[in-house]
Every structure is written in structure tokens, then in C-alpha cells.
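Throughout, numbering of the chain's residues begins at 1 and tracks the sequence. The shown structure was predicted, so the numbers you read here are calculated from the model rather than taken from an experiment. The figures here come from the full heavy-atom set of this structure, side chains too, leaving out hydrogens, waters and symmetry mates.
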Amino acid sequence: MANRQDELITPGELEPVTKLLSEILTRMDAMLLGRSQLHKMVLIGLISRGHILLEGVPGVGKTALIRVLGRMLQLQFNRVQFTPDLMPGDILGSHILQESQNGRIMKFEPGAIFCNFLLADEINRASPKTQSALLEAMQEGAVTLLGQNRKLPVPFFVMASQNPIEQEGTYPLPEAQLDRFLFKLQVLNTPAGVLEDIITGRRRGEIPQDDFQVSPSQLESIFAAMERIFLPRAVARYISRLTEATHPDSSEASEQVKKYVSFGASPRAAIAMAEASRGHAMLSGRPTVGFEDVRAVAPAVLNHRVLLNYNARFDKVSSYDVIDSLLMGMDEAGLDLPGEVSLK
């Protein structure tokens, strides 16, 4: 949709949508303890229609998070455990030869990917051939088998997880596939206080039931509101320069980027940052994107798209360190404009 000023959502129109999103977050926080910031970023990713890669050790609640969100939004949820022997047909589906009144026919049996939410658990344990089966689905919302293009349900989201330990026998995701994830989010260990609440108040860790659900019309109103969140040109310029600054051969690159980065973020990263910034602004109740929205989502958008070299590993510098220094450097250089953002 064109981003024209006469299509902007008004504060009055935005208020019920923001209240609904806040209610979703409140319910998620009550059912899944100690993950407020993660829940917020996952919800931003969903309303931005993006896919999310979760990185964390087993048992930290990645599957529970998606089950709760899928049930709350009345979306179909499927989970696939990725293993070395998993084949593309196990995910996409396959054609089966069957007898019929007209003789033998090939009947298509849809795979697990034909759902609204797909949890690809431990995605880096499957072979590159199987991993690549997700590429078309994540980008186009469709799969092609035997020359026939089949559309996936709308909305469609892939939530993938990978274990940062036990890397033997794993297949790191190629950069082309990593680039298709809107966010890469770290699922950190649960604090002791939260663990105490879980083991004293929830036998066997069972999640309390909640009857709250978002109707299809309400979900559609959220997506419609997202289309009308305004991105000012000044903020678009900020996103563009931030993306360019991740490349070591760019004139915008900092000394840290030149020293530690092999390859910077792609144009898809700038698009992802713009959409996620709209989502953050809407969740905050603002119809116009500001620089603070970009700064809030930039680490999650860029950390898996900025590829570090051996110097970074030797000096124990992470992609988050590089991104933080970039944001600080741009602020100090006056590349963002304080105060109200012009709508022109």
C-alpha cells in the first residue's frame, strides 16, 4: 500500500488496536512467566508478517510460547522436529498413487507446512536439502510440487528454533535462509525468582488455561492498521544509512565494522527494519514511526545478517556489540533528528 498522508491511521482508530495488542501481551505474560520482552518482539514479528528464529537451549519454553499464541489468535499450529533423516516431502507434502473410479491417480497429501504457525524445532539438525524446502514457503507463502503452485494458509508464519550448544552433526543455516527471518531472538535462561514461581505455583510446569481469544475479524483489523502506520522519509533515511553502515567497504562504516565485519546486511534487512519499526510504533500506540522504534528493533533484525570475521571471534566481539556501537555512533554523529518527525 502506498504510504500517503491521506491514508494515515488516526489516534482514535489506532487506540482499540493498541488496546487489543496490549491485552494479548498481558495474557501471554500471565501464562508464560519471565519473558515479557521476548513476547513483545514475537508479537511485533507476527503483526509485521515476518518469520522468527529463536535461539536457546532446550526446555526454555519455545514450543509453549507458540502454542499459547496460536491458540489465542485461533491459528492452526504444527510442530516439526527437524532431524538428519527428515526429508522435504515430510514438510511440504507428497503425491500418493491411489486407485479411483477412473483408474490410478496421483493425490496430493499436504505436509505439516500447510498451517498458520509452523514451529521448525532445531532447524539446524536437518540437512541443507530439507532446510531449503522452507525457502519458497517463507518468501512466497506457497510451495511448488510437480510443477503445481499451492498457496499456504493466510497468515503463515515460520517460527524456527536452534540450539546454540551441541553443534556436532548440525548444519548451520545458509545466509540466504537466515536472511528470510525477520528476527533472530535469544531465549535466555529463566531467572531464579521466575523459576521459584513456576515450581511453586504450577505443578509439572503446566500452563494455566485462558479463554481469551482474538477473532479473525480482530486479527484482520490489526493487519489493516499496520498498513496505515506512517514511515517518515527522515526515518527511512536513518534505516537506509544504518543498513549501509553495516558494510565494511561503505563510507558510513565505523572502525569496528571495518575491523570485525565480513559482510553487511542486505536490502531485505532495511525492508524488515521498516516493517518491524511500524509494528513497534503501533504496539506503542503511535501512528507514526520514530527513531526510537528503529533502535528498538534494529538488534533483532540485524544480528543474524551481520557476518563477523575471525578477528571478532578472537576478540570475543558479538554482532550485538557491533550493532550497538553503530547505533551509538549514528546518534553521536547527529544522523537522527530529535523532536517531532516531519510527515513530508
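With Ile47 as the fixed residue, the side chain to side chain contact (heavy atoms under 4.5 Å, CB included) test singles out one of His280, Met282, Arg278: Met282. Partner of His39 under the side chain to side chain contact (heavy atoms under 4.5 Å, CB included) criterion, out of Ile44, Leu32, Val68: Leu32 alone.
Under a cut-off of 6.0 angstrom, the local environment of NZ in Lys258 is crowded, with over 12 non-hydrogen atoms contributed by other residues, nucleotides or ligands. Surrounding CZ of Phe263 are at most 12 heavy atoms belonging to other residues, nucleotides or ligands under 6.0 Å away.
In this model, a donor atom of one side chain and an acceptor atom of the other lie less than 3.5 Å apart for Glu136 and Thr144. Side chain to side chain, Thr10 and Glu13 meet the donor-acceptor criterion of an N or O pair below 3.5 Å. In this model, no donor atom of one side chain and acceptor atom of the other lie less than 3.5 Å apart for Glu109 and Ser94. Checked by atom type, the side-chain pair Asn309/Tyr260 shows no donor-acceptor distance below 3.5 Å. With 3.5 Å as the limit, one finds no donor-acceptor pair spanning the side chains of Ser240 and Thr243.
Between Asp29 and Arg35 there is no salt bridge, since no side-chain N of the basic residue sits under 4.0 Å from a carboxylate O of the acidic one.
The shortest distance between side-chain heavy atoms of Leu86 and Ile91 falls below 4.5 Å. With a 4.5 Å cut-off on side-chain heavy atoms, Glu292 and Arg286 count as touching. Taking the side chain as every heavy atom from C-beta outward, Leu8 and Arg228 never approach each other to under 4.5 Å. Contact check for Leu308 versus Arg313: no side-chain heavy atoms found under the 4.5 Å cut-off. With contacts defined as side-chain heavy-atom distances shorter than 4.5 Å, the pair Leu92/Leu134 does not qualify. A heavy-atom distance below 4.5 Å is found between the side chains of Pro174 and Gln131. Leu69 is not listed as a side-chain neighbour of Leu75, based on a closest heavy-atom distance of 4.5 Å or more. At least one side-chain heavy atom of Gln162 sits less than 4.5 Å from a side-chain heavy atom of Leu173.
Judged by a 6.0 Å distance limit and a 45° cone about the ring axis, Arg71 is not positioned over the six-membered ring of Phe77.
Among residue pairs with one or both ends in residues 101-136, those qualifying as ring pair (Phe, Tyr, Trp, His ring centres under 6.0 Å) are His95-Phe108, Phe108-Phe114, Phe117-Phe157; sequence neighbours excluded. Listed by first and then second residue, the salt bridge (Lys or Arg N to Asp or Glu O under 4.0 Å) pairs that reach into residues 14-25 are Glu15-Lys19, Glu23-Arg27, sequence neighbours excluded. Residue pairs meeting the ring pair (Phe, Tyr, Trp, His ring centres under 6.0 Å) criterion with at least one partner in residues 180-218, sequence neighbours excluded, are absent.
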